[in-house]
Amino acid sequence: MAGDSSTMGLINPYLAFYRAMPAACRRDPSVPISAAELLSPQWLNLKAAIAGHFAWAVPTEQAVRTILKYSARVVEIGAGSGYWAWMMRQAGIKVVAFDANHAPFTWSEVAHGDERAALFYPDHALFLCWPPWNSDMACNALTCHRGDYLVYAGEWMGGSANPRFFALLASTYDAVD
């Protein structure tokens with residue numbers, strides 16, 4: 001199925017929600033964040049509420065298919081509500097998901113744990129979705145991970161993680177997809 005161009009038939013309410021939003025609410029990640037966005041507490045609160053219910057990045061079938069192409073087993077650190085884990089599980093990927101904070105609502109099973117959980121899954125790809133900005137979590141998870149693949153969903157060198165993570169990522173991994 002990994003190379004199949006047909007749809008996987010995944011249920012994805014976040015993508016439907018995102019597509020229904022007015023264009024002004026859908027930010028192009030290739031464009032730097034505007035000062036207006038950074039200075040609007042209401043907008044930041046809305047984004048945080050949506051991300052808390054779903055995730056900080058909107059998954060697509062293509063993204064899930066790409067993950068499956070490289071690994072049928074994933075350890076997700078910082079899983080939040082478990083939305084990405086839920087999407088990957090729909091595609092048949094075996095996912096162990098962890099978050100240091102308990103979300104009030106989850107789409108799928110998320111165990112309590114931090115980045116050290118990656119140590120126990122060396123035969124899994126590491127998945128990080130928009131790790132917390134200016135935090136060592138992503139760098140620590142990458143340091144703990146002993147597997148061959150990292151799947152990173154987020155902006156490059158901004159908006160998530162920290163410079164140490166991106167330096168370690170660039171010196172340790174090759175971009176393959």
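All values derive from a computational prediction rather than experimental measurement. Residue numbers run from 1 in the order of the sequence given.
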Listing, residues 115-124 side-chain donor-acceptor contacts under 3.5 Å, not counting sequence neighbours, or none:
unit_1	atom_1	unit_2	atom_2	d
E115	OE2	N140	ND2	2.9
R116	NE	D114	OD1	3.0
R116	NE	D114	OD2	3.1
R116	NH2	D114	OD2	2.5
D123	OD2	R73	NH1	3.3

Is there a path of hydrophobic side-chain contacts, each under 4.5 Å between heavy atoms of I, L, V, M, F, W or Y residues, that connects I11 with F105? yes

Polar side-chain atom of T106 near backbone of E109 as donor-acceptor pair, under 3.5 Å: no

Can you give me the closest heavy-atom contact between A79 and D99, atom names plus distance? N-OD2, 3.2 Å

Please tell me whether W43 and Y18 are part of a single hydrophobic cluster in this structure, the criterion being side-chain heavy atoms less than 4.5 Å apart. yes

Residues L142, T172; criterion side chain to side chain contact (heavy atoms under 4.5 Å, CB included); working and verdict: CA-CA 9 Å; L142 193 55; T172 309; 5.5 Å; no

Between the CE atom in M8 and the CD atom in Q90, the distance rounded to the nearest 0.5 Å is 9.5 Å

Could you tell me whether the side chain of S81 and the main chain of H53 form a donor-acceptor pair under 3.5 Å? yes

Locate the shortest heavy-atom distance separating A57 from Y14; write the atom from each residue and the value. O-CE2, 3.6 Å

Examine the side chains of Y83 and N12 and answer whether a donor and an acceptor come within less than 3.5 Å of each other. yes

Do H145 and I77 make a side-chain contact, defined as non-hydrogen atoms from C-beta onward lying under 4.5 Å apart? no

Would you name the heavy atoms of L68 and A91 that are closest together and state the gap between them? CD2-O, 4.0 Å

Can you tell me how far the OG1 atom of T143 sits from the CG atom of L168, to the nearest 0.5 Å? 5.0 Å

Are F54 and M21 linked, directly or through other ILVMFWY residues, by side chains that come within less than 4.5 angstrom of each other? yes

Could you tell me which non-hydrogen atom of S160 sits nearest to which non-hydrogen atom of W130, and how far apart they are? CB-CD1, 3.6 Å

Is the shortest heavy-atom distance from the side chain of I93 to the side chain of I67 under 4.5 Å? yes

Just how far is it from atom OH of Y70 to atom CG of D148, taken to the nearest 0.5 Å? 12.5 Å

Any salt bridge (charged side-chain N to carboxylate O under 4.0 Å, His left out) involving residues 157-174? Give me the pairs, sequence neighbours left out, ordered by first then second residue. D136-R164

Nearest heavy atoms of Y173 and G147, plus distance in Å: OH-O, 3.8 Å

About how many Å separate CH2 of W86 and CH2 of W107, when rounded to the nearest 0.5 Å? 5.0 Å

Pair V74-V151, side chain to side chain contact (heavy atoms under 4.5 Å, CB included): steps then yes or no: CA-CA 9 Å; V74 169; V151 179; 5.9 Å; no

According to ring pair (Phe, Tyr, Trp, His ring centres under 6.0 Å), who are the partners of F166, at least two apart in sequence or on a separate chain? Y152, W156

To the nearest 0.5 Å, atom NZ of K69 lies from atom OH of Y149 at 10.0 Å

Show the numbers, then the answer: is there a side chain to side chain contact (heavy atoms under 4.5 Å, CB included) between F165 and L128? CA-CA 11 Å; F165 167 75; L128 298 171; 3.8 Å; yes

Rounded to the nearest 0.5 Å, what separation is found between the CE atom of M157 and the CG atom of N162? 10.0 Å

Same cluster or not: F98 versus L150, using hydrophobic residues (I, L, V, M, F, W, Y) connected whenever any side-chain heavy atoms lie under 4.5 Å apart? yes

Heavy-atom closest pair (P131 atom, M137 atom, distance to 0.1 Å) is CB-CE, 3.9 Å

I would like to know whether F127 and V95 meet side chain to side chain contact (heavy atoms under 4.5 Å, CB included); could you show each step before the answer? CA-CA 10 Å; F127 180 75; V95 181; over 6 Å; no

Under 3.5 Å: donor-acceptor pair, side chain of W56, backbone of G154: no

